[in-house]
Amino acid sequence: MAGLRERIQAVLFDLDGTLIDSAPDLAGAGNDMRKARGLPPLAYEAFRPMVGAGARGMLGIALQVTPADDAFLALRDEFLSRYEARMTQETRVFDTMVPVLASLRANEVPWAIVTNKAERFTLPLVRSLSLHDHAAAVVGGDTTPHSKPHPAPLLEAARRMGIAPGACVYVGDDLRDVQAGQAAGMATVAAAWGYLGQGDPITAWGADHVIESPGELLNLLGLT
């Protein structure tokens with residue numbers, strides 16, 4: 001999008017797979033469930049692509065269950081409890097994202113977090129990583145009545161920041177992020193370092209830009 005650097009006043013980030021690497025703790029919770037059932041652990045690489053699908057994705061890998069299974073709701077609750085107990089053990093901000101956030105701060109470009117992760121997990125996790133000190137807004141999956149791909153969470157973040165949606169860019173690693181950004185009237189950037197899922201390739205999502213590393217975002221915004 002030719003006019004990106006001229007019109008963008010704020011950056012909105014998805015959380016898991018875009019801003020932070022939470023896959024180790026999510027995969028760990030899945031393997032904790034397997035261990036409790038006498039099953040051997042699965043390789044981290046089996047879990048990583050499905051992190052964007054949350055508990056549903058993790059349970060599909062760990063125990064081969066789907067929401068159609070009678071036991072799914074109880075297993076989901078168990079998974080979420082296990083994840084909550086360990087969610088800050090191995091989760092970190094991506095190393096390559098740290099200088100990007102520093103540059104946004106230095107250039108007085110506000111940034112926010114918009115995730116489908118429920119506030120129950122999002123808010124303490126963001127605090128544990130000290131992201132709350134600088135984020136202009138944090139919107140979880142249950143902050144509004146809708147979650148992505150609905151535009152409501154993104155529009156709520158823009159409202160809290162006092163910035164028009166059209167002056168925001170949304171960066172995410174899932175097709176739903178691009179769909180939500182487009183529906184909100186925002187520019188969209190697809191993050192190829194993220195979890196990406198098992199659907200269409202990232203180049204087919206229709207994002208305004210696909211970037212291989214966080215530093216490329218600074219190039220798009222003219223901050224390097």
Side-chain angles (χ1 to χ4, degrees), residues 1-20 22 52 91 93-94 96-191 193-194 205-209 211 214-224:
M1 184 175 292
L4 187 61
R5 68 181 63 187
E6 288 81 17
R7 71 185 184 90
I8 296 303
Q9 300 175 24
V11 181
L12 278 59
F13 292 104
D14 174 48
L15 188 61
D16 300 82
T18 301
L19 196 57
I20 67 172
S22 54
T91 296
V93 177
F94 281 111
T96 47
M97 186 58 75
V98 173
V100 173
L101 297 181
S103 180
L104 293 177
R105 280 200 306 277
N107 287 277
E108 299 183 339
V109 178
W111 60 270
I113 295 168
V114 183
T115 175
N116 273 0
K117 190 191 251 10
E119 287 189 355
R120 165 188 169 189
F121 311 104
T122 297
L123 298 180
L125 185 55
V126 166
R127 283 194 294 271
S128 77
L129 297 170
S130 298
L131 293 171
H132 69 295
D133 293 335
H134 303 288
V138 178
V139 176
D142 52 356
T143 302
T144 72
H146 304 281
S147 58
K148 299 175 297 182
H150 197 282
L154 279 69
L155 295 174
E156 174 62 14
R159 185 193 69 78
R160 293 185 181 189
M161 301 172 82
I163 295 176
C168 298
V169 59
Y170 188 49
V171 185
D173 69 320
D174 192 277
L175 173 60
R176 292 170 298 178
D177 298 326
V178 174
Q179 294 170 332
Q182 291 171 338
M186 298 180 181
T188 55
V189 173
W193 65 88
W205 295 356
D208 296 311
H209 299 277
I211 58 177
E216 293 178 49
L217 178 64
L218 299 179
N219 295 332
L220 291 176
L221 296 173
L223 299 179
T224 57

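Along the sequence shown, residues carry numbers from 1.
Between the side chain of Arg160 and the backbone N or O of Ala136 there is no donor-acceptor pair closer than 3.5 Å. In this structure, Thr188 contributes its side chain and Asp208 its backbone to a donor-acceptor pair below 3.5 Å. A donor-acceptor pair under 3.5 Å is absent between the side-chain atoms of Ser103 and the main chain of Pro99, judged by distance alone. Judged purely by atom type and a 3.5 angstrom limit, Arg176 has no side-chain atom pairing as donor or acceptor with the backbone of Asn116.
Judged as a side chain to side chain donor-acceptor pair (under 3.5 Å), and not counting sequence neighbours, Thr144 has no contacts. With sequence neighbours excluded, no residue forms a side chain to side chain donor-acceptor pair (under 3.5 Å) with Asp142.
Here the straight-line distance linking atom CG of Leu131 with atom CG of Leu125 works out to 8.0 Å at 0.5 Å rounding. Interatomic distance, SG of Cys168 versus CG of Leu154, reported as 8.5 Å (0.5 Å rounding). Taking CD1 of Ile20 as the reference point, atom OG of Ser128 lies at 8.0 Å (rounded to 0.5 Å).
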**Message:** Assess the residue pair Asp177 and Phe13 against the criterion (side-chain contact (heavy atoms from CB on, under 4.5 Å)); give the C-alpha distance rounded to whole Å, side-chain angles, the decisive distance to 0.1 Å, and a yes or no.
**Reply:** CA-CA 9 Å; Asp177 298 326; Phe13 292 104; over 6 Å; no

**Item:** Derivation of the side chain to side chain donor-acceptor pair (under 3.5 Å) call for Glu119 and Thr143
**Value:** CA-CA 7 Å; Glu119 287 189 355; Thr143 302; 2.6 Å; yes

**Prompt:** When you look at Val171 and Asp14, which way does the side-chain contact (heavy atoms from CB on, under 4.5 Å) test go after all the steps?
**Reply:** CA-CA 6 Å; Val171 185; Asp14 174 48; over 6 Å; no

**Request:** Applying side-chain contact (heavy atoms from CB on, under 4.5 Å), run through Val139 and Thr115 and close with a yes or a no.
**Result:** CA-CA 6 Å; Val139 176; Thr115 175; over 6 Å; no

**Request:** Run the numbers on Val169 and Met186 for side-chain contact (heavy atoms from CB on, under 4.5 Å), then give the verdict.
**Result:** CA-CA 5 Å; Val169 59; Met186 298 180 181; over 6 Å; no

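The shortest distance between side-chain heavy atoms of Phe94 and Thr18 does not fall below 4.5 Å. With contacts defined as side-chain heavy-atom distances shorter than 4.5 Å, the pair Trp205/Gln179 does not qualify. Looking at heavy atoms from C-beta onward, His132 lies out of side-chain contact with Val138 at the 4.5 angstrom threshold. Leu217 has its side chain within reach of Val11: a pair of non-hydrogen atoms, C-beta onward, lies under 4.5 Å apart. Residues Thr91 and Asp16 have side chains not in contact (no heavy-atom distance under 4.5 Å, counting atoms from C-beta outward). Between Met161 and Leu12 there is a side-chain heavy-atom pair separated by less than 4.5 Å. The closest side-chain heavy-atom distance from Trp111 to Leu101 is below 4.5 Å. Using a 4.5 Å cut-off on side-chain heavy atoms (C-beta onward), Val114 and Tyr170 make contact.
Checked for salt-bridge contact, Asp174 and Lys148 miss the test: no charged N lies under 4.0 Å from a carboxylate O.
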